[in-house]
Each structure stands twice: as structure tokens, then as C-alpha cells.
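Everything numeric here is computed off the predicted structure, so don't read it as measured data. Basis for what follows: all heavy atoms, side chains included, without hydrogens, waters or symmetry-related copies.
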Amino acid sequence: MAVSEEESSSASRNNSRSPLPRGGPHYLAKCVLKGSVVLQVVYGHIRSPSSKDIVFGKETSLELVVIDDYGVLQSICEQPVFGTIKDVAVLPWNKSFHRASPQVQGKDLLLVTSDSGKLSVLTFSNEMHRFYPLTQIQLSSSPGNLRHHVGRMLTVDSNGCFIATSAYEDRLALFSVSSSSDADIIDKKIFFPSDTEMNTSTSIGVPGIHGTIWSMCFISKDLSQSQPSKEHNPVLAILLNRKGSLLNEVLLLEWNTRDKFVHVLSQYAELGPLAHDIVEVPHSYGFAFLFRVSDVLLMDFRDAHNPLCVYRTSLNFLPLVIDEHNFVDESYRTNDVDEEGNICNVAASALLELKDIIKEDDPMNIDDDSGYSSKSTSNRVISWTWEPNVENPRMIFCVDTGELFVIELTSDSNGQKVKVNLSDCLYKGSPFKELLWVEGDFLTALAEMGDGMVLKFEEGKLHYKSLVQNISPILDMSLVDYHDEKHEQMFACCGITPEGSLRVIRNGISLEKLLKTAPVYQGITGTWTIKMKSTDSFHSFLVLSFVEETRVLSVGVSFTDVTDSVGFQPDVCTLACGVIDDGVLVQIHRNAVHLSLPTTSAHPDGIPSTSPNFTSWSPDNMNISLGAIGGKFVIVATSNPCYLFVLGVRHVTLHQYEVYQIQNVRLEYELSCISIPQKPIEIGIGIGIGNGNGNTFVIGTHRPSVEVLSFKPDEGIKAVAIGSISLVNSIGTTISGSVPQDVRIVQVDRVYILSGLRNGMLLRFEWPSESTNSPMRSSMMAKDEYTPVSLQLISIRRIGITPAFLVPLNDLPDADIIALSDRPWLLQTARHSLSYTSISFQASTHATPVCSSECPNGILFVSDNSLHLLEMVHSKRLNVQKFHLGGTPRKVLYHSESKLLLVLRTDLSDDSCSSDICCVDPLSGLISSSFKLEPGETGKCMELLKAGSEQVLVVGTSLSTGPAIMPTGEAESTKGRLIVLCLEHKQNSDSGSMTFYSKRSSPFCDYGGGEQLSSSSLCSSPDDIDNNSCDGNGIKLEETEAWNLRLAYATNMRGIVLALCPYLDCYFLASAGSSFYVCSFQNDSSLRVKRLAGGKTRFMIMTLTTHFTTIAVGDCRDGIIFYAYYEDAKKVEQLYSDPVQRLVADCLLMNIDTAVVSDRKGSIAVLSCSHHSSENASPECNLKVCSSFYMGEVAMSIRKGSFSYKLLADDEMRGDCNIASSIMDSSSHSSIVASTLLGSIIIFVPISREEYELLEEVQSRIAVHALTAPILGNNHNEYRSRQSPAGVAKILDGDMLSQFLELTNTQQEDVLAALPPSHTHNNIFTKPLFSTSINVNKVVRLLERVHNALN
């Protein structure tokens, strides 16, 4: 017997930890792409008093972004909130209302209401690079989204003094911000009406605020005109719709903060169009706009007891009419003097008078030809934004037709008469649901189900600057390793008409592929780019070092070999190179330090000579093993014996320099790496260095250790700080290969040392808060009177098993770093601890940034003996490629034989049909052919099936209009069609081969045989699809074949066909309403379909899926039902049923016993029948819910697959008692990928029982720790358990667990040392899983495997 979801959900809240089913599947859920739909957008000084930050509220996450000088949106951080955001607002900084905490001083705060039932006050921590709660105010007694729960809407007084939040109906709450430095942020609060006042009337005879609150805003007062000591009472304007009324009214409420009560000052209601929003005019102190359908009213609330409409602006733009009116006679007002007024009577009278209003004033009459067009009369403002930080701001607003306008308030010389000026249309696009005007005159315009954009307001016009991608909703997806890039990419149906598109989604940071050379570069040992002058903006030379050769290429429109003109020694292997002075280059090789001055033939700023000048320096009877160039000096090291030399360069005569020795010191240990900051590092005196003269460098040794050294010519070399490297695994064994391969000194808000080890690990060292002398001596054998500081090891991460190289993206000390190991990662240096994200590119041995005028953000990778020139696409917050298709793409399949995508589209604007199936080239996005359905027919589903040796496409359609499902869930009486299509191909001899063009001409030209573009590097940018008419020679691809869809068979069905799936390789299943049929193809060439047997459910069938003999049917109420088909009897029988009611969104079978199902309420669950024996199967047997996970988002498509990178085998990384081995071994057939309506992609990774128990214990501690608990106040266990029956195990939350990797080692130990909530209560049913402390290393290694595989 199925139970309701409400009962199961409430029951689940009574059990904080559920027993694990023996042998059941265990999963860890990780969101690899957070939702892209933006529901709220706010602007403020969030990170610092001077920062200009934008915050996106995305229902289940918060994203902080900025707009750069070019109008491109850059993501700073994105953070899951483990809850559902209701509204977001900014509490501006007010010097009269502040806290003593220096972390908050001068910064704006973020206010968020959510389903936690709390108002959360957040601040941004620059140290942790994320939002943290300062305080949380309880708004409702229980979490959820009930109509009477306060928190649905937020508004803030423009002075930053008061906050208001309302419920959907009947209630609101007001808060005052504390002006005391030692008090909480919130000083006073009041709920209106209180529980005792719910059924009472106000003093003027109005029945409270019973009704739906549509909008609200404060009517601010000018604090500069009031006495500082006098406490002022806030006035709140709300737009209210009373039950049964067609008119909305404005109520003005005043909060008497001293006497602690709220009362209604006045009401305002006017006959005419429906009012839907009210917004205060900034700095006007009494004026507000009332937005109505087809017009805008300027309201004067300066006398709150006597509200007036002083100006009306019509939004019916055909013709454009802006009239000034006095609406005293047409409006109705009730003030606090009128004791007998009753707004209900007025509303009733107004409804009667609506019949006599002229047609133009009635927005409901849109079919009358004598009035305006229906488009004109439906004009209403859907979004707006104010010009920031000006005394007389202008407003930009968008109407539902997609047009943008500017509205401005002006007044006469004495300020008595106010007028509203409306501009002509500035821009027309999609209807934008959110607008934000930020400093720099940039406008962020965001659509609900399509891409947004950044516009710039210049010279009275709006100009397009960049795209803001929005891939929601994802209606279907297909996982394909199309380009053989060793990780799957996703083809997704995104958006709705007219913004429908097919998106190619890849994991990792996006790179635009510009060039790939032939694989002729064997034996590369190093790559560097060099500037001619340290002040140059662009690089001048690219240096390639081979085992016994060095080549120097010029960087520019063409890459030309200029080795001879530069003066580098060509027959040696270069160890390091760089610029030491303007026009003076240094090459370090095994035998010498070689200094050269390039000629003008190599660079315009070179010396005017036919050959370059050069000189060199060599150590006596020793070979150089390492070297580095930076500032005005050179560092080289030797081995056997081990010496460190500091060299300088001085000018002798014109174009003549010499290299001389400044210092040398004998070393106890051989050096493994050297790094010199290219820009001076300002290190504070408190941590050991205070000169900042650019004579600081860092070394890695074979001890192993990292050491910060500095020198002065008159004082010698001294050790400033030492970081010892001694790493052990969870069983106490020393980890081998812990010698530094590369090292960098980084300065962001603090100075720290970053090191990559030869075993693929990353380390972060910091100066301790209190200087402690190192117990270790420096590697220098000379006596050092200065005692170095002992560096603190903050974080340890493993990114692979091959040596980790560090490549900064530029010369600045805060530059982000590319970390190369098994594959490239981007390391964000500004983040706390170690934070890195995968780059969407293959494993590379070397990389170097390439900055030229043609390619300012280029990166040169060496991989598979080829050079790859790529560009870091900062404009792409999502690694997504877009193919605009039109209509609404509903289903997508990949046809492997033709290598084409088959896309089912609906809502087409074609007069001949509204739905079709088209063939799309996944490389270019071009539609090669399509099959149109009949007029009035809508495609619903499709599947590629086997018909003998042939593969056919079967399509299910609807021939009916109107709803397909009754309110009860039963199927309506409808008709559908089953269509069989054949894919046929013929040689395309007419057009020959297709020609594509790269977006820009390649910056490379011929050198050493010339470089050829490969087809895999073309059209990798989303802009390439719409800009194929670029200059340059066309690159021909291999001859293509044309594929067409041919109708082979069609039959009518008694119901809409919503689901199809293959069965046992010789059958297929098709649904029709609440019935489904087992079908087969007859053994003839006609491909006729024969129905063999059928089954029926009580409600509309939504999904069908099979695995071997098991059939899983998902309907819109009874959930998942298992069936079996008996071939001999040609009969379908029900086996098992779902134990809970469930509106199924999608379902798949992992094996014959286990189903994974997503529902329309945001949950995903794993159901199994393995606890039943096959002999006891019966319709009364329920499936068992093994585990569940509340996502807070509806997953419309779930697939088997990994969408992750295939990593190299790594025995050492599995060495900790086989921890993470199941993650490593999980194939694409055991992981689950889910895509949601919000545009998220979530992966469910199978893990072992032992791994589950360990991570569940860790999760329980992370979820309650102050640093990692849900920032909106949700109980994490309660949130993830919603819609779940009691006693069901929870799928682990990878987003919660991944926070553990963002902590320092000390913080990680603190989190694991704390007892979880279950240990702090006397729960006789809960047995501690880990009586002893949890090993930090074991947890880190396990989570690293998840992060490296999925991120």
C-alpha cells in the first residue's frame, strides 16, 4: 500500500540517522555544474568597501560575480546553500548602524530568506572566499514554503535602518538594525499581525492585511533632516490583493518602534488596470512608482495619511502617450480620519463600475479591433533597476514585450511640480526577468529560460557587450564521448521557444582551441615565453627546449624561428631563460649562464647589429643543474658538489654587459627547484622579511623541504623560513616521492608558499600567526646567525601521480596558476587552502602563457608531441557550446553510425508544422535534414531501436490538444501516433566536402614545415557557430554524407505516447495514456509494428525503462511499478509496486532488481526488490526504498554514465586500505548523471559500504561545524531527507563533503574532533560508527578521488 509523500516526509524528520541496508547500493551525489537560472540579482560592496559586486540568487546556490572593463561577467565564487532561496536583498552599510567587527566594517551585508524559516544575514569572508552567516533570525516555527510562512519577499530601507519580509498571505515582519556597536545586528522586531490580532480590524475599520501581498517597499525618510537622537518610525507600503477582489490596493503601514505596534495609516485604490508592483524612488523621500498593467503611476507618499497619484505614464506605445493627470476624482483614498470607510465595499463598487470603463482602460479586453493591438494592451513592467550612486537616479525597465526604456523624474525650479519623462525604446530583446544597473553604466539583463546579456548605456543607447549563458531548463540530455577526449560530454536540450537550443556541455574550465600542430615535437624539455622589456604588455619570444637543442620563435601574427638573431646557444638543452634588463636576455644551460642582446631582425627594440652580442659565465669545474632568472639577478645551483650561486649583470659599454658573481654558498642537500618572484613581494616585517627589494627567492631541496632565502650584497645569503616536508599515509608509512618539483611564492591578501611534488601532490605553506623558530637548519652549510621561521603546512592535496609543475598565468604575485600533473588544473591563488578546478584539456607535459595582441589570454600546451595553442575563455562562466535550433528541443539521441544528433523539437513557428525531428551535426550545429510531423501533431518521445539488422527511429506523438492528464492523475481521452522512421544515407557528390573556417586566422605560420589545423580544433567556441564568415583560408574536412529520415510505418494509438524503450533486443515498449504495450517488428521490409501484449496502470504513464527481463513503469501518482513479460503466454504481469506515491519525472534500471527514480518534487530515490524472492513476487509486494536524496531541483533526465575523466591507474592513491577503489573502478554503467530544470548537472557515484560509513560520519560533523554548516540555517539532514520515508538511508552529499577540502589541516582536525549531533544525545537506537578519532589523511584521500574524478 502506497503512503502519501507528506506522511513519509514527516516521518523521516524523526530519524536523524538510518540503518544501512546490507548489500544495498550506496551513492555519493556531487553537483558538477550548478544551476544557471538566476531568480534574484543584487549589487553592493560585498567583499570590501570599494568592491563592486553582483550576487546572483539561483534558488539552491549563491554566486558572486563582477563585470570587468570590457563588459564581461566574471565569476568570483559560487556556493551551495543547502536550502531553497526565497529572496535576496542587500543591507547597505550605514556608519550610524555598524558592528565593531573589522571584518564587516564598511561592507554591505547580504540578506537571504529561505525554506529554513530564517532570515540569514551573511557577510563575505575574503580569507575563506565564501559567504558566512553573521546571525539568523527565526521567522517561522518550521521549515518549508507554506503560504503563511514569513520570508517570501524582502525589502530594505534605503538608509539601511529597517528590514521587512512578508509571507504570501496575511503576515509580515519588520526589523530594525542596531545602532549599538556591541549589540546584535537586529535590534528590534515585530510580526504583524500577531497571533492574537489575526482576526481583528485596525483603528480605521479595515480588516488588517488579510490577502495576498504582491509587493512592498519602504517609504524612506531623509535622516539628515531629522534629529540624530530622535527615534523615527518606518513607513512601509504594501500592495495587497484581498480574497475575491479584482483590484489591488496600496496600504501604508507605520511601525511605532517605541510603543511596539504596527498600524495602518491609509489605503489607496484606483479603478483601472491591475496594479502588480510598487517600488520606491531612491533619494526622493516620499515618492514611489506603482506599476500597473499598461501604465505607471507616480505616487506621492510624503504625507502618509493622504497618498496621492501625481503623474501617470501610459505604457501603450501605439501611439506613445504620456499624459499628466490629477486623479482625485477617479481614485479612492481612506485615511486615518475616516472612521466608517470600508475598502471591501469600495472594491465591490469598483467591480460594478468596471463595466462602464472605456475599452482602452480595460486590460482584459484584448480582442477588440477598435482598441489597441493585444500586444500593446498587455504591456506591463516585468523588471526594473535604478542607476547606482546618483542623487537623481534614472530607472531602466523592461516590459513583457522585451523592450527596454529609461524613465526619469524631473521637477520645476522650486521643486513643487514633479514630472516623469519616458524615453524611446533603447533596446529590444527577450523579456528580461531581472535587470541590474551597476557602476560603469553596465546593465545586466537576465532572462528566465534563455541567455541573458551585459549591455552598456552609452550616449543614450544600450549597446551589447557580452552574453550571460543560461542553459535552463535542461529537458533531455545524451552522454557521448564524441571527440575521444577521454571524458564524456553532454548534448542537452535547453531553453524553450524562441530561445531553444542544443548545448554541448563539458566538464572543467573552458579553453578555446586555436591551433594544433602535427605531432613532430618529440623530446621537449621546457617551454618559456619572454618579454623584450619587463614593462612590455605582450610576449616577444617563445623558447622551446629539447634534449639537445633550443629554438626561439617570435610571438606575433606569425611565429618565426629567430634563434640566430636572439643569440641563444642552439645546440644545448635550456634549463631556464628570461629577461634580466630591457633588451638583455639570459639563457641557462648545463655548462654556462649565457647572456645575449637580440638584434633588430629579431625584435624592433634590438641592437642595430648584424649579429647579437653575448657573453657567458661558468662555474669552475662544475655543471649547472638548476637555474632561475628574476628581478636583477640570476640564481643557479650545481650538484656534486652542491653549490648555490647568486649572479648579477652590469653594464660595461654600449651594448656590452657582463655577468658577475655576487654570492655563493655550499649546500648540504641538492636543490630540486628554484623560483624567483618576477615582481617584488611585499612581505610584512612580522613574518621575517620587510625589505621588499626583490632579492627574495624560494628553493626546494632533496631533504625534502622548501626554504625562503634572501640576500644582500654586503650581508650574504640567509634563510628566512623553512618548511619541512614529511608526509605519511593513514597507516603511518612515509609517502615516497615527496621532493619538490616546482615551487612558487604567492601574495594575495597574505604571502604563502606553493609547492608541487614529484609524486603529484600540492602543498601550501604559510607563515605562522606567531613566529616560531625552525628546529631545522637551512640547507646552507655556512653558519647563519639568523634563525629562520618554521613555515606551517596548511594544506595537502593530490592532483595526480606524475610530477606537479606550476605555471603562473602572468608575472604578478597573485596570478592564478596552472598545475600540470596527470591532467591540467587551474589553481585559484586567492582561495583559502588549496582550491583547483580541472581545465577542459588533455594531459600535458609542459605549458606556458602566451600573450600577444592577437591572443591576449593564450596558453601553449605540449601534449602528445604536438603544440596546442589555446585561449582561456574568461567570458565563459560555463564550459558550454551553444547551437541555436529554434523551437523547444525536447529529446536528443546520438546516432553512432552517422555521427549525428537526432533532436525532437516542438513549438516551431513553421506554418506547415509545429513539431519535427531534425538531424544535427554535433561539430557545427547545422541541421542537415528534418522530418516534419503532421499539422497539429506534437512529438513527445523517441528511441533508436533495432529492427533485425537495421536501426530505426521510433517516435511517439500526440494528436490531441488540451490537457493530457486529469487533476486526479488519470489519463484524458486522447489520441496519439506511433511512427517508425528509417535513417538513410547517400553520398553527397554534389556539394563535395563541407568547408569550415576558424574564428580568427591562426597566429602561427610556417616554421619548420608549417603548421596545419586539425578538424578537432575547429568551431570549439560558441561564437563560431554564428560567425562562420571569417577571413582566412577554408579548411576542408573529410567528405561528408547526407542522412535523411524516411517514414516507414505509422499507426494510431488510444492515448498520447509519452514513453518508449527497447526490450530484450527483439521487442520494444510503447505507452498510450495509462496503458503500455509490448511490441515487435514483423519480419518483412515494411517494418510494421505488432502488439504482443499490454498492461495498464491506474494513472497516466510518464516513463518506461527496462533491464534484461525487468520492466519498470513510472506513472504520475503511483510511482514505479515493476512488471514482467512472459513470452510463451504473451502476457504482462505486475510484480512489485512503489511504497510511496510519486509523480515520476524519469526512471532508469541499474540492474534487474534496482531502479533509480526522480520525481517532480525534487527528490531522487533508489528502489530495489532484491529483498523479495522471485517465487514470492506479487502485486502486493512493495519495492524497498534503499536510499534517497532531496536535490531541491527537478531532474527531468537521468542517465547511466560518468561525465567524468578517466584517470590513470594509481595504486599508491588507493593504498590507504583500498579506500576510494570503488570510485576509481566505477564504470560508466554504475554511475548516474541527472540534469535538472534549473540547469544543474548532478552525478551519483557508487561507493562501498566502508566508504559510505566513513563519509557519513564525516558528513554529520561537517554539517554542524560553524565553518561548514548550511549558511541559511537549514538542518542538513532534514533538508536532504525531504520527500523520503522514515528509516531510509541518505545518499551522501558531495557538496557538503567537498567543503572539507577547502579547510586547512588544523581546521580539518577540529571538524573531525567534534562529536556529531547523534553523539551528544542519549539515543538508544544510534550506535557510534567510529568510537575513535577519524584519520584526516584517509578522509582527504577519499575526497580527493571524488574531486579529481568529477571536478
Side-chain angles (χ1 to χ4, degrees), residues 30-36 61-66 73-80 128-130 469 471 485-490 505-512 744 746 748 754 756 760-762 764 795-800 804-810 814-844 847 849 857 859 861 870-880 1202-1207 1239-1243 1245 1294-1295 1297-1303 1340 1343-1351:
K30 181 73 170 66
C31 182
V32 296
L33 182 64
K34 296 180 176 61
S36 59
S61 66
L62 288 171
E63 184 180 12
L64 191 146
V65 301
V66 296
L73 210 63
Q74 306 283 358
S75 181
I76 303 300
C77 81
E78 187 166 9
Q79 180 177 348
M128 296 291 290
H129 205 72
R130 53 175 295 173
Q469 289 204 62
I471 64 174
E485 293 180 348
K486 299 179 182 178
H487 69 281
E488 290 175 315
Q489 54 191 340
M490 179 184 294
I505 305 173
R506 297 179 178 89
N507 210 340
I509 294 175
S510 174
L511 291 176
E512 181 179 343
R744 289 288 183 274
V746 180
V748 189
L754 186 68
M761 303 185 81
L762 289 178
R764 173 169 170 160
S795 298
I796 308 170
R797 299 288 180 270
R798 183 186 284 277
I799 62 171
F805 294 86
L806 305 177
V807 183
L809 293 180
N810 56 57
D814 62 347
D816 285 345
I817 293 174
I818 293 177
L820 297 179
S821 183
D822 295 355
R823 72 174 191 267
W825 301 85
L826 181 66
L827 184 70
Q828 291 93 13
T829 56
R831 299 292 294 270
H832 185 65
S833 187
L834 286 171
S835 177
Y836 49 93
T837 306
S838 65
I839 295 176
S840 184
F841 192 64
Q842 63 207 62
S844 304
N857 298 311
I859 303 172
F861 286 97
L870 305 99
E871 186 172 14
M872 190 78 74
V873 189
H874 292 291
S875 61
K876 293 175 66 177
R877 291 165 50 246
L878 308 177
N879 189 359
V880 175
S1202 60
F1203 194 55
S1204 61
Y1205 288 82
K1206 280 72 174 177
L1207 300 180
S1240 299
I1241 298 173
I1242 303 170
I1243 298 181
V1245 182
D1295 290 328
L1297 288 167
S1298 65
Q1299 295 181 104
F1300 192 76
L1301 293 178
E1302 300 174 6
L1303 304 176
V1340 169
L1343 293 179
E1344 279 176 347
R1345 298 300 296 155
V1346 177
H1347 180 85
N1348 294 355
L1350 302 183
N1351 188 17

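Separating the CD1 atom in Ile1241 from the NZ atom in Lys30 is a distance of 12.5 Å, to the nearest 0.5 Å. The CZ atom of Arg797 lies 9.0 Å from the CG atom of Leu1343; values are rounded to the nearest 0.5 Å. To the nearest 0.5 angstrom, Glu512 atom CD is 12.0 Å from Ile859 atom CD1. Atom OG of Ser61 and atom CD of Glu78 lie 4.0 Å apart (nearest 0.5 Å). If you take CD on Glu1344 and CZ on Arg798, they are separated by 7.5 Å, rounding to the nearest 0.5 Å. Considering OG of Ser795 and CG of Leu754, their distance stands at 10.0 Å, rounded to 0.5 Å.
The closest side-chain donor-acceptor pair between Ser36 and Gln469, if any, does not fall under 3.5 angstrom.
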- [ ] Determine, stepwise, if the pair Glu63 / Ser75 fulfils side chain to side chain contact (heavy atoms under 4.5 Å, CB included).
- [x] CA-CA 7 Å; Glu63 184 180 12; Ser75 181; 2.8 Å; yes

- [ ] Determine, step by step, whether Leu820 and Phe861 satisfy the side chain to side chain contact (heavy atoms under 4.5 Å, CB included) criterion, reporting the C-alpha distance in whole Å, the side-chain angles of both residues, the deciding distance to 0.1 Å, and the verdict.
- [x] CA-CA 10 Å; Leu820 297 179; Phe861 286 97; 4.1 Å; yes

- [ ] Take Gln79 and Leu64 through the side chain to side chain contact (heavy atoms under 4.5 Å, CB included) test and state the conclusion after the steps.
- [x] CA-CA 9 Å; Gln79 180 177 348; Leu64 191 146; over 6 Å; no

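The aromatic rings of Trp825 and His1347 sit parallel to each other, their planes meeting at less than 30°, with 60° as the upper class boundary.
A 4.5 Å side-chain heavy-atom check between Leu826 and Ile817 finds every atom pair outside the cut-off. Put simply, the side chain of Gln828 reaches to within 4.5 Å of the side chain of Thr837, judged on heavy atoms. Residues Ser835 and Glu1302 are not in side-chain contact: their nearest non-hydrogen atoms beyond the backbone lie 4.5 Å or more apart. Using a 4.5 Å cut-off on side-chain heavy atoms (C-beta onward), Val807 and Pro849 make contact. With a 4.5 Å cut-off on side-chain heavy atoms, Val746 and Val748 count as touching. Ile471 has its side chain within reach of Leu33: a pair of non-hydrogen atoms, C-beta onward, lies under 4.5 Å apart. Contact of the Ile76 side chain with the Val66 side chain is registered, since non-hydrogen atoms from C-beta on lie closer than 4.5 Å. In this structure the side chain of Ile796 never reaches within 4.5 angstrom of the side chain of Val1340, judged on heavy atoms.
Distance alone, capped at 3.5 Å, is enough to place a donor-acceptor pair between the Arg744 side chain and the Leu806 backbone. Judged by distance alone, the side chain of Arg764 and the main-chain N or O of Ser833 form a donor-acceptor pair under 3.5 Å. Looking only at distances, a side-chain donor or acceptor of Asp816 sits under 3.5 Å from a matching main-chain atom of Thr829.
When each of Ile799, Ile509, Ile839 is tested with Pro824 by the rule side-chain contact (heavy atoms from CB on, under 4.5 Å), just one qualifies, namely Ile839.
The two residues Ser821 and Gly800 have their closest heavy-atom pair at OG-CA, 3.5 Å. Here the shortest heavy-atom pairing between Gly35 and Ser1240 reads N-OG, 2.8 Å.
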